[in-house]
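Below: the structure, in structure tokens.
The basis for the numbers below is simple: all heavy atoms, side chains too, and nothing from hydrogens, waters or symmetry mates.
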Amino acid sequence: MNQREPQKMPGGSDGTSNTNQEQASLTDDPALLRRMEVRQGKFPGQERIRIVRPRHTSLEHVNTGLLKATEASMAPTGGVGKAIYRTKRFLIGNPLSNEQSIHERLTKFKALAVLSSDAISSVAYATEQCMIILVLAGTVALGSLIPITIAIIALLAIVALSYSQTIPAYPNGGGSYIVAKDNLGNLAGLIAAASLLIDYVLTVSVSVTSGVQNLLVTFPASINTTTTLVWIDILVIVIITVVNLRGIRESGSVFALPTYFFIASAFLMIIVGAFRGFTDPHMHQAFANLPATSEKLSIFLVLRAFASGCSAMTGTEAISNGVPAFKKPEARNARTTLIWMATILGLLFAGITLLTVRFGLTPDPLQKVTLISKVSAEAFNGTSLAFMVPVFQVAILLILVLAANTSYADFPRLASLLARDHYLPHQFAFRGDRLAFSIGIIFLAIMASILLIAFGGSTSSLIDLYAVGVFISFTLSQSGMVRHWWHLRGQQRNWQRSILINGLGAITTFLVAAIITYTKFISGAWIVVILIPLLVLMFLGIHHHYTKVESERTTNIPPSPSEIKHLFVVPIASLDAVSVQSLSYARSISKRVIAVNVAIDEEDAHKLRETWVQWVKHISLEEKLELVIIESPYRSLAGPLLAYIDAIHELYADVTLTVLLPEFVVSHWWEHILHNQTALRLKAALLFKPGIVVTNMPQHVVSKVS
């Protein structure tokens, strides 16, 4: 059915029918989905023009030659498709248009929750990871904990100051990949990108396992097997993935409260613990005597502890990567958020370490109770705030789990940049219904889940792989900024100060990267060291493929329509109504049409030829319409037909060969098993034959209403 607009009379009353027909044809506009019809009026010589539009359409007319798809264009029509579509809408919400992207930007308040949760959450395990190494040398080694903490905080200050210069220099996103690629070359950029992608996957795995491990404190009987722990980890990843598929602004709204709840609870614990630890002499305790030591205190051991504690630094670059996600002014808001994040991280790390030393606490050798849980118990128990012990456990669980959200914000964005530059499949650059990079989000969840299964959900095993990649990316980014300021030395004021800051950042992060690689190489860092070059090779291979396809994709079809000479090949089984329609379509485009029948049965072939002779009598001799029957004594259909098409294509290389395939379309998916898929097999085979055009003529079943 067609929808009719109000009738419009032509401009003059003396126009003839031919004139009106010409006007109608001139105002027809198939591109804008409208057709003009001329209708005879009540009196002779009187006519009217009617505009006919589709009754139902999901497209809107915007301007001349411009249509816009509405949300209705996304809705499927099939029953199963509708159910899937409704489930998708329920989980991730209604789709957002491109115009709404400006409203998906983050305020500083939300950005701190989304982009800093990884860094801030690391205080829950950074001190413990230091001590796990130090206790190997006994109680005397624990005296190095405070100096190591001071060194890590100093390193944090240097890195934060360095990235605060990167943000205004790269207001469109100064991630390590962009900075290194622009200043040090493509290879350096790809190494930085590979390092960060690995680190983002590890961030999700480590954060989720650390968070779920804290459930052991509250519900030790419920999680008594590794398998249960891993399944809970994967369930948490699924939940975070769904929330992030809803868009960055909505994920910021969901995750802001847990992040700030942890920050407030942690500061409360530090204040209460510090007050009790420094006013009550009974609270101050020395470290208990540890079991027999397995290693001697050495520089190497201290460096190992320092390397483990540097896990507190992961996620520091996230704000610099995500500058475009901020509300305007983006650079200033990002810089402010970076300062907030570094300050909070430094204070929390220092406070937790100080309380650990003051209370004389050491890690649980069985890893059933986390060190930060012990600190909270010492700080709150015996006071009116004792109820905060389980509350703080919930806060730890939430912040550690939500720390993975930083990776969900940055991994898809980095993957989209690599896809834009043809180093990853182009699908990674696609924005989903909610303006999020859906492919990157889902891929991150899958990789993190595989990693969790492979390592049995063990935080200690995963932590050895951690922080190697991030410090490599730190080093490349800061080195790139040194070269950036050097290039601007004649244009930028205070370039000497800037180059000094970034140079100091490059040197310190390089030293830390070397320390982490050296001290953790045997225990797991070797995996990352091998993975980085493998990923770089994969990037280069993908880029080579895209470059090759772009330069070599070609066809023998002439660029000018007047130069194209058509030859149609139409496979037929018999001369039924569908075959006649297919031949008619081909004849409407070209006078050179060949009907091809692969004959398995001689009698059927004889009947077809007799029918053809009678039918072709009604066709003009000007048309070069022929029937070719190929006998197939081995009962093969596709093989002989493809051999004939290859032979024609070889002989007539200057002709555009089009194979027209009639294809039966069933109403239900299960009906496919009742029909052979010859057309589908032919399409698949012809797809890899350059220079051949394949056209489908679908045959649909139309239900007859009695």
Worked check of side-chain contact (heavy atoms from CB on, under 4.5 Å) between Phe262 and Val123: CA-CA 11 Å; Phe262 171 78; Val123 300; 3.9 Å; yes
Student check: side-chain heavy atoms of Ser407 and Leu444 closer than 4.5 Å: yes
Phe267 atom CZ, over 12 foreign heavy atoms within 6.0 Å: yes
Gap between atom NE2 of His543 and atom CG of Asn186 - 0.5 Å precision: 7.0 Å
Worked verdict on Thr259 versus Ser117 for side-chain hydrogen bond (donor to acceptor under 3.5 Å, both in side chains): CA-CA 7 Å; Thr259 301; Ser117 54; 5.2 Å; no
Closest contact, heavy atoms only, Met388 versus Ser265: CE-OG, 3.9 Å
Proximity of Tyr260 and Phe109 rings by center, below 6.0 Å: yes
Backbone N/O of Val179 and side chain of Asn183: donor-acceptor pair under 3.5 Å: yes
Test log, rule side-chain contact (heavy atoms from CB on, under 4.5 Å), inputs Trp340 and Leu112: CA-CA 8 Å; Trp340 290 356; Leu112 185 64; 4.3 Å; yes
For the student: nearest non-hydrogen atoms of Ser479 and Leu184, plus distance: CB-CD1, 4.0 Å
Atom CZ of Phe261: over 12 foreign heavy atoms under 6.0 Å: yes
Nearest-0.5 Å distance that lies between atom CG in Asp410 and atom CG in Leu196: 8.0 Å
Arg332 atom CZ: more than 12 heavy-atom contacts under 6.0 Å: no
Verdict with reasoning, Phe474 to Tyr163, per side-chain contact (heavy atoms from CB on, under 4.5 Å): CA-CA 9 Å; Phe474 283 171; Tyr163 272 113; 3.2 Å; yes
Gap separating the CG atom of Leu338 from the CD1 atom of Ile319, nearest 0.5 angstrom: 5.0 Å
Over-ring placement of Arg413 relative to Phe437, 6.0 Å and 45° cut-offs: no
Euclidean distance, Ile499 CD1 relative to Leu504 CG, rounded to 0.5 Å: 12.5 Å
Minimal non-hydrogen separation, Ala307 against Ile516, with atom names: CB-CG1, 3.6 Å
Over-ring placement of Arg483 relative to Trp486, 6.0 Å and 45° cut-offs: no
Arg276 side chain vs Glu378 backbone, donor-acceptor pair below 3.5 Å: yes
Intermediate values then yes/no, side-chain hydrogen bond (donor to acceptor under 3.5 Å, both in side chains), Thr509 and Thr475: CA-CA 5 Å; Thr509 53; Thr475 302; 3.2 Å; yes
Ile299 atom CD1: more than 12 heavy-atom contacts under 6.0 Å: no
Interatomic spacing from CE in Met269 to CD1 in Ile396 - rounded to 0.5 Å: 7.0 Å
Validation row: Gln165, Trp485 side chains within 4.5 angstrom (heavy atoms): yes
Intermediate values then yes/no, side-chain contact (heavy atoms from CB on, under 4.5 Å), Phe300 and Ile515: CA-CA 9 Å; Phe300 180 75; Ile515 291 169; over 6 Å; no
Non-hydrogen atoms of Gln478 and Asn502 that approach each other most closely: OE1-ND2, 2.6 Å
Phe275 CZ: over 12 foreign heavy atoms closer than 6.0 Å: no
Leu190 side chain reached by Tyr423 side chain, heavy atoms, under 4.5 Å: yes
Thr370 and Tyr125, any side-chain heavy atoms less than 4.5 Å apart: no
Atom CH2 of Trp526 with >12 non-hydrogen neighbours under 6.0 angstrom: no
Check: Cys310 and Phe471 side chains under 4.5 Å, non-hydrogen atoms: yes
Test item: Ser116 side-chain N/O and Ala113 main-chain N/O as donor-acceptor pair under 3.5 Å: no
Thr353 versus Thr127, side-chain donor and acceptor atoms under 3.5 Å: yes
Donor-acceptor contact below 3.5 Å, side chain Ser473 vs main chain Val470: yes
Closest non-hydrogen atom pair, Val135 against Ile132: CG2-O, 3.2 Å
Stepwise side-chain hydrogen bond (donor to acceptor under 3.5 Å, both in side chains) test for Asp421 and Tyr177: CA-CA 11 Å; Asp421 295 337; Tyr177 167 64; 2.6 Å; yes
Check: Phe443 ring centroid to Phe428 ring centroid under 6.0 Å: yes
Beyond-backbone contact of Asn333 with Thr107, side-chain heavy atoms, under 4.5 angstrom: no
Close side-chain approach of Leu245 to Ser438, heavy-atom, < 4.5 Å: yes
Heavy-atom donor-acceptor pair, Thr517 side chain to Ala514 backbone, under 3.5 Å: no
Student check: side-chain heavy atoms of Met538 and Leu534 closer than 4.5 Å: no
Considering all heavy atoms, the nearest Thr362-Met131 contact: CA-CE, 4.0 Å
Pairwise distance CG(Leu355) to CD1(Ile372) - rounded to 0.5 angstrom: 10.0 Å
